[in-house]
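Input: a single structure, listed below in structure tokens.
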Amino acid sequence: MPGPTATEFFDRAQMEDTPVGRDDTKDDPAHVARMGYDAMRRGDSGVVSGFMNKGQAAFAGLIPDTVLAQMHRRMAEPDRNG
């Protein structure tokens, strides 16, 4: 369950003008792939990568879905100021 990953996704989705699209701290795709592969080899059902993504995953069962949706919206919504 990767968080934002440094791939062409944000360009293809035309999300370059969003906070998540501009963020320079996206995860390295090779690292994300390695984590997923290693988890699969161990028989784990999933792995969460990235500090912020781990925090969101940890609180996902505690925070209402509406709040999580608003958090995601703020990250993925185009910047109206620029």
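Small disclaimer: the values here were computed from a predicted structure and weren't measured.
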Would you give me the side-chain donor-acceptor pairs under 3.5 Å for residues 67-74, sequence neighbours excluded?
| residue | atom | partner | partner atom | Å |
| --- | --- | --- | --- | --- |
| R73 | NE | E77 | OE2 | 3.1 |
| R73 | NH2 | E77 | OE2 | 3.2 |

Is K26 close enough and on-axis enough to F9, meaning under 6.0 Å and within 45°, for cation-pi? no

Residue pair S49 / V32: nearest heavy atoms and the distance that separates them: OG-CG2, 3.9 Å

Test of understanding: with side chain to side chain contact (heavy atoms under 4.5 Å, CB included), list the residues that count as partners of M75, not counting sequence neighbours. V20, Q56

Taking every heavy atom of R22 against every heavy atom of E16, the minimum-distance pair comes out as CG-O, 3.2 Å

For the residue pair F10 and P4, what are the closest heavy atoms and their distance? CZ-CB, 4.2 Å

Considering non-hydrogen atoms only, spot the tightest contact between A6 and P29 and give its length. O-CG, 3.3 Å

Which residues satisfy the side chain to side chain contact (heavy atoms under 4.5 Å, CB included) test with D38, sequence neighbours excluded? R34, R42

Minimum heavy-atom distance T18-A76, with the two atoms named: CG2-O, 3.1 Å

Please answer whether the main-chain N or O of G43 pairs with a side-chain N or O of S45 as donor and acceptor at a distance below 3.5 Å. no

